[in-house]
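Reviewing the structure listed below.
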Amino acid sequence: MFKCKITKKKIPQIIDFGKMPIANGFLKKKDFKREFFYNMGVSFSKDISLLQLNNHPKPEMMFNKDYPFFTSSSNFMKNHFKNYANWAKKKYVKKNETKIIEIGSNDGTFLQNFRSKNFLHLGFEPSKNVSLIARKNGINSIVKFFNRKNLIKFDKFVNKTDLIFGANVVCHIPDLVEFILTCDLALNENGKVIFEEPYLGSMYKKVSYDQIYDEHIFMFSITSIKKIFEIFDFQLIDVLPQNTHGGSMRYVLERKKSKLNRKVKKYLENEKKENINDVSGVIRFKKNCELSKEKLQYKLNDLKRRKKFICGYGATSKSTTILNYCNINSKTIDCIFDTTPNKIGKYSPGMHIPIVDYKNFNKKFYEYAFLFAWNHRKEIEKKEKTYLKSGGKWITHL
Ligand code: DWN
Ligand code: SAH
């Protein structure tokens, strides 16, 4: 049995994905022997409809001076963050010198849009290398986790913050109670918390189990966000589906004031109808994961029997789950092409597939390219137009 991270009630494990390395722990050959592994299992808390990881590495093991993910690695995402900022300005910015905080501000891609005199901004970004890139670009980014101990030093933001933003970060925070208490401490009376995270409903629909890895401790639904925040007297006032990262949901919360609004109610009813709010959804998902694994192994084995050359494209965090869960190594996938300098020349976590500069993608002909960055399909297919023309085929596990 495991404990729900919020209610502390005992809950059973439902899915066991087996032994996993750090998803973003791309490593050199000399470090293979001391690679860290944990057991990746998932449980579900019925009271608050929350899907959570049971074991995971400590946040400092994942978010440190060598974090290899950069928001700006996708032009589509850069554009998305510009739109996210414009939407927020139109809807929620009402005065000069609006005080905003971003959690998990990474290389500053989102905060870039708030550099004018109208805003006072602050980014909490514990991964030093990415935080320093933001600072170089004039962003007020601090190398700290977002918690009360770190917030209290910024008196301009304590009880005075208008808006707290996040994207793909709240699900990375194991102590959600501390997160909400820190929001409560930062916000002024009318302050709002706005964040977007991969959506449980999309993961179920696509069977994109690769959204589950050490950094993603929670997979949220609208029901779970509503229930968790209600415990602390926050109210969910809006939800907006996003097409980023394979299907995400944006949530807007403020301190409790009014009745549940119609739009949120409609979305909640839909989650009930589709079993996104209860344990039967997880059990169905578990079966679908097992089926997906069998299918993928069959397909790749068949291609190898027919002596086809296969490479990977996009050394995503998600790829670590697929490769380790399905036990796919460099005998099947020769290498993975990627744009990230911090990953190139290293090996994939656990399965040790070489990561190669994407500029070499067309040097040797691979009949099949496993698109691990399937969420960036449009952007990558456009960039690699000649691949399809020369007879190559993109494949995914989805
Ligand atoms: O939640 C998270 C999201 C926001 O980013 C983090 N926990 C970690 C990370 O997840 P991911 O690694 O699955 O993210 P992406 O954006 O799906 O991965 C992009 C990877 O693909 C990078 O290694 C860069 C690479 N890439 C590429 O080689 N060519 C990406 C694009 C767009 C390209 O054209
Ligand atoms: N928001 C960016 C980055 C997402 S990756 C985007 O959507 O592209 C998750 C980021 O959150 C990493 O940069 C990581 O260092 C940061 N992070 C993890 N835990 C955090 C915490 N407790 N407080 C603030 N940032 C955190």
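Just so you know, ligand 1 is whichever comes first in the structure, and atom 1 is the first atom listed for that ligand. Note that the structure is a prediction, hence the values are computed from the model and not measured.
In summary, the aromatic rings of F110 and F165 are positioned with their centroids under 6.0 Å apart. For F218 and F220, the ring centers are positioned less than 6.0 Å apart. For F372 and F337, the ring centers sit 6.0 Å or farther from each other. Separation of the H376 and F76 ring centroids does not fall under the 6.0 Å cut-off. For F32 and Y347, the ring centers are positioned less than 6.0 Å apart. Proximity of the aromatic rings of H245 and Y199 is defined here by a centroid distance below 6.0 angstrom, and this criterion is not met. Aromatic ring centres of Y368 and W394 lie farther apart than the 6.0 Å criterion allows.
For atom 21 (C) of ligand 2, the nearest non-hydrogen atom of the protein is F145 CD2, 3.6 Å. The protein heavy-atom contact nearest to atom 6 (C) of ligand 2 is T71 OG1, 3.4 Å. In this structure, the protein non-hydrogen atom closest to atom 15 (O) of ligand 2 is E125 OE2, 2.5 Å. The protein atom (non-hydrogen) at minimum distance from atom 34 (O) of ligand 1 is K383 NZ, 2.4 Å. The single protein non-hydrogen atom nearest to atom 18 (O) of ligand 1 is T316 CG2, 3.3 Å, given as residue, atom name and distance. From the protein, the heavy atom lying nearest to atom 16 (O) of ligand 1 is H376 NE2, 2.7 Å. For atom 1 (O) of ligand 1, the closest heavy atom belonging to the protein is H216 NE2, 3.0 Å.
At a heavy-atom cutoff of 4.0 Å, ligand 1 is contacted by both the backbone and the side chain of K318. At a heavy-atom cutoff of 4.0 Å, ligand 2 is contacted by no atom of F179, backbone or side chain. Heavy atoms of F110 found under 4.0 angstrom from ligand 2: none, in either backbone or side chain. The parts of S317 lying near ligand 1 are both backbone and side chain, judged by heavy-atom distances below 4.0 Å. Contact annotation: for Y84 versus ligand 2, there are no heavy atoms closer than 4.0 Å. Of all the heavy atoms of Y213, the ones lying under 4.0 Å from any atom of ligand 1 belong exclusively to the side chain. Contact annotation for T71 and ligand 1: no heavy atom of the residue comes within less than 4.0 Å of the ligand. Counting heavy atoms under 4.0 Å from ligand 2, residue F63 touches it through the side chain alone.
Looking at ligand 1, you won't find any N or O of S73 less than 3.5 Å from one of its N or O atoms. Taking distance alone, with nitrogen or oxygen atoms compared against 3.5 Å, D338 approaches ligand 1 more closely than that limit. In terms of N/O distances under 3.5 Å, ligand 2 is approached by S127. For ligand 1, the polar-atom distance check against T339 finds a nitrogen or oxygen pair separated by under 3.5 Å. Inclusion of Y313 in the set of residues having an N or O under 3.5 Å from an N or O of ligand 1 is not warranted. Checked by distance only, ligand 1 and H172 come closer than 3.5 Å through their nitrogen or oxygen atoms. Remark: ligand 1 and H245 share no N or O pair separated by less than 3.5 Å (distance only, no angle test).
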- Passes side-chain hydrogen bond (donor to acceptor under 3.5 Å, both in side chains), K304 versus N301? Steps please. CA-CA 5 Å; K304 284 323 275 184; N301 286 339; over 6 Å; no
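By the 30° and 60° cut-offs, the orientation of the rings of F285 relative to Y204 is tilted.
Residue Y67 places a heavy atom under 4.0 Å from ligand 1. Within the 4.0 Å heavy-atom shell around ligand 1 one does not find F70. Distances from ligand 1 to the non-hydrogen atoms of Y358 include no value under 4.0 Å.
Distance alone, capped at 3.5 Å, is enough to place a donor-acceptor pair between the Q235 side chain and the K257 backbone. Of the possible donor and acceptor atoms, one in the side chain of D338 sits under 3.5 Å from a partner among the backbone N and O of A315. In terms of modelled atom types and a separation under 3.5 Å, the side chain of E35 and the main chain of G350 share a donor-acceptor contact.
For the pair E269 and K273, the salt-bridge criterion is not met [side-chain N within less than 4.0 Å of a carboxylate O]. Between D162 and K94, none of the side-chain N atoms (NZ, or NE/NH1/NH2) sits under 4.0 Å from a carboxylate O, so this pair counts as no salt bridge. Of the charged side-chain nitrogens involved, none lies within less than 4.0 Å of a carboxylate oxygen, so that D302 and K299 do not count as a salt-bridged pair.
Residue contact check: A315 has heavy atoms under 4.0 Å from atoms 23 (O) of ligand 1. For ligand 1, the atoms sitting less than 4.0 Å from at least one non-hydrogen atom of T340 are 22 (C), 23 (O), 24 (C), numbered in the order shown with element in parentheses.
The nearest non-hydrogen atom to atom 7 (O) of ligand 2, considering only T182, N168, T244, comes from N168.
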